[in-house]
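I have placed the structure first, in the form of structure tokens, so that the comments after it can refer back to it.
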Amino acid sequence: MTLSEELAWRGFVNQTTFPSPKALDGKPLTFYWGVDPSADSMTIGNLAAAMMVRHFIQHGHHAVLLVGGATGLIGDPDGKSEERELKPLDEIARNKAAITEQYRRIFAGQPFAVVDNYDWFKGLGYLEFLRTVGKHVPMRQMLGREFVQTRLSEEGAGISYAEFSYVLIQAYDFLHLFRDKAVTLQVCGADQWGNSIAGVELIRRMEEAEAHVWSAPLVVNKTTGKKFGKTEAGAVWLDEQKTSVYQFYQFWLNVDDESVVDFLKLYTLLDKAAIEQTLDTFHHDRGARLAQQVLAYEVTKLVHGTSKADAVRHATSVLFGKTEAGSLNNADATVLKAELPVVHAAAHDSLPALLVKAGLASSNTEANRFIADGAVVVNGHKVTAADSAVLQPGDNLIKRGKNSFAVIER
RNA sequence: GCAGGGAUGGUGGAGCGGUCAAACACGGCAGACUGUAAAUCUGUUGGCUUAUGCCUACGGGGGUUCGAAUCCCUCUCCCUGCACCA
């Protein structure tokens, strides 16, 4: 499969400046993709674009990965309804390091270069910037952008000169990389289209040369229609300190049937044959949720590594009873204890009190109600009386409802 | 500043002297059915080792009363008019 076919099949096609996607199938290009260090980790929203970048690399194109040390200092106003707080410098420095680290992990084994746009902005003076770049940017275009219009309108929140100018920095990045590394293509998410295209424009005016943009659609949950990547608890992060491996795995496992088809293509590196075979089996027995399991395992493996993916997969099967034995073996206990609330039971603790301690019930009354409802399962056995005698020495896996768990040590 | 209306549990919103831990709806949680899903049905939804009982709660404080979410005074905040300002 050629790259353009691959991207089309996987659903990575949105808008592009290329007259035909086939332009990607010719000789290798050098392209760049960037992430601003507005947080200390990427989210699964960024991951979609990263996956696309991997396909570019696999088809022989040369990747330049940018961390936005300079752009992060200002903050991208696009799509935001209000001015954002500036981030402290030390926070940006930390975030930059974290994101660079994630680049190295996600693209492990692939050829790529990492750059920081702060490196070329730090020595650039304001007057120099205005004379060389500012002179070539038409105001009409900058003012015409939709979010600028919204922000400046009667009800809008207004916009500062700094955020308004953000696009110039990103445009200059492209120009700089074009000159310095012969970058002729920027890939980005659909939300970055406006910023990216400004660079194409700048290169055309200043270098009289052609450069291009390839944007991927934003991933949307088809069932809810919402922008993807957020849960009730917040964003799904790639950093396991922010979203634990278990939560990460669970997130993918719970993807609905309609979305899982898209996500297998977007978020795994499995080839067409493998995905089609998986989906074929899946459609015969949706209840088995093979597609979700493959998705969850593959994505977790990619982001967190094989051993963690294996561990969390096995722990999940213990928790949800797919693996025999309600009681824990040592390996599972280690994984689960890192993930679940762990409570130490004293001799006089009653079962309801332990449920409260473990955060599985908010009061003794509620705990008793759960037991009466048959919602409490200890080591795979339903509990019928508020009696702590069901606990065995060592680790006990306790389950309340369908997916609230804790480990009780005795 | 004057006049009028309002503030109730996670949310909306009834209640207007005892029968109020507070209708009803939504949301939450649990059970059944399922696929750790959706839909549906059932239960539950202030706390207390479980009680025809006690405690805490209807914006804050004070009062009337045997008894107050309900009546009175006062404070705080919100809304609606009018005035002031322009």
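All chains are named by letter (A, B, ...) in the order of the sequence lines, taking the proteins before the strands, and each is independently numbered beginning at 1. Since we're looking at a predicted model, the values are computed, not measured.
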When you measure only distances, ignoring hydrogens and angles, does the side chain of A:Glu366 come within 3.5 Å of the base of B:rU44 through a donor and an acceptor?
no
For A:Thr365, which contact category applies under a 4.0 Å heavy-atom criterion: base, sugar-phosphate, or nothing?
base
When only distance counts, do a donor and an acceptor, one from the side chain of A:Asn368 and one from the base of B:rU50, lie under 3.5 Å apart?
yes
Under a 3.5 Å cutoff, is there a donor and acceptor pairing between the side chains of A:Gln292 and A:Asp257?
yes
Whole angstrom value for the distance that separates C1' of B:rA30 from CD1 of A:Ile398:
15 Å
Using Watson-Crick geometry (N1-N3 plus N6-O4 or O6-N4) or G-U wobble (N1-O2, O6-N3), each under 3.5 Å, B:rA83 is paired with none
Distance, P atom - from B:rC82 to B:rA21, rounded to whole angstrom
44 Å
B:rC24: pairing nucleotide in any strand, Watson-Crick or G-U under 3.5 angstrom:
B:rG12
On the 0 to 90° scale, with breaks at 30° and 60°, tag the A:Phe263-A:Tyr267 ring pair as parallel, tilted or perpendicular.
perpendicular
What's the CG-P distance between A:Asn364 and B:rU45, to the nearest Å?
16 Å
Pairwise C1' distance for B:rU74 and B:rG18, with rounding to whole Å
27 Å
Test salt bridge (Lys or Arg N to Asp or Glu O under 4.0 Å) on A:Lys301 and A:Glu298; report intermediate values, then the result.
CA-CA 5 Å; A:Lys301 189 170 78 177; A:Glu298 289 296 324; 3.7 Å; yes
In this structure, how many angstroms lie between the P atom of B:rA30 and the CG atom of A:Asn403, rounded?
7 Å
Interatomic distance at C1', B:rU11 relative to B:rA7, whole Å
15 Å
Of all the nucleotides listed (B:rU36, B:rG31, B:rG47), which has the minimum atom distance to the side chain of A:Asn254?
B:rU36
Relative to each other, are the rings of A:Phe248 and A:Trp252 parallel, tilted or perpendicular (30° and 60° limits)?
perpendicular
Pick the P atom in B:rG15 and in B:rC66, then give their distance to the nearest Å.
28 Å
Pairwise P distance for B:rU8 and B:rG61, with rounding to whole Å:
16 Å
Output field: ring centroids A:Trp214/A:Phe31 closer than 6.0 Å:
no
Determine the interatomic distance between C1' on B:rC55 and the same-named atom on B:rC2; round to the nearest Å.
45 Å
For A:Thr71 and A:Gln170, test the side chains for any donor-to-acceptor distance below 3.5 angstrom and give the result as yes or no.
no
Closest-nucleotide mapping onto RNA chain B: is A:Val376 or A:Ala353 further toward the 5' terminus? I mean the 5' end.
A:Val376
Across every strand shown, the nucleotide meeting Watson-Crick or G-U wobble geometry with B:rA69 (both distances under 3.5 Å) is none
Rounded distance (Å) that lies between atom C1' of B:rU34 and atom CZ of A:Phe320
15 Å
Quick one: look up who B:rU50 pairs with, Watson-Crick or G-U, both distances under 3.5 Å, and put none if it's unpaired.
none
Whole angstrom value for the distance that separates P of B:rU45 from CZ of A:Arg369:
6 Å
From the candidates B:rA37, B:rC29, B:rG35, the one with an atom nearest any side-chain atom of A:Arg286 is B:rG35
Could you say whether A:Phe282 or A:Ala375 is positioned toward the 5' end of RNA chain B, judged by the nucleotide with the nearest heavy atom to each?
A:Ala375
Among A:Asp116, A:Asp36, A:Asp40, A:Val35, exactly one meets side chain to side chain contact (heavy atoms under 4.5 Å, CB included) together with A:Lys96. Which residue is that?
A:Asp116
Say we look at B:rG31 and B:rU36: how far apart would their C1' atoms be, to the nearest angstrom?
16 Å
Counting only Watson-Crick pairs (N1-N3 plus N6-O4 or O6-N4) and G-U wobbles (N1-O2, O6-N3), all under 3.5 Å, who is the partner of B:rA30?
B:rU42
Would you say the base of B:rU36 and the side-chain of A:Lys399 have a donor-acceptor pair closer than 3.5 Å?
no
Does B:rA7 have a Watson-Crick or wobble partner in any strand here, with both distances under 3.5 angstrom, and which is it?
B:rU76
Could you measure between the two C1' atoms, the one in B:rC16 and the one in B:rC20, and give it in whole Å?
12 Å
What's the CG-P distance between A:Asp257 and B:rU34, to the nearest Å?
17 Å
On a plain distance test, is the side chain of A:Asp285 in donor-acceptor contact with the base of B:rG35 below 3.5 Å?
no
Counter-base of B:rU19, judged by Watson-Crick or G-U geometry with both distances under 3.5 Å:
none
N or O in side chain of A:Ser350 less than 4.0 angstrom from B:rU49 OP1/OP2:
no
Tell me the interatomic distance from A:Leu253, atom CG, to B:rA37, atom P, rounded to whole angstroms.
10 Å
Rounded to whole angstroms, how far apart are CZ on A:Phe370 and C1' on B:rU44?
9 Å
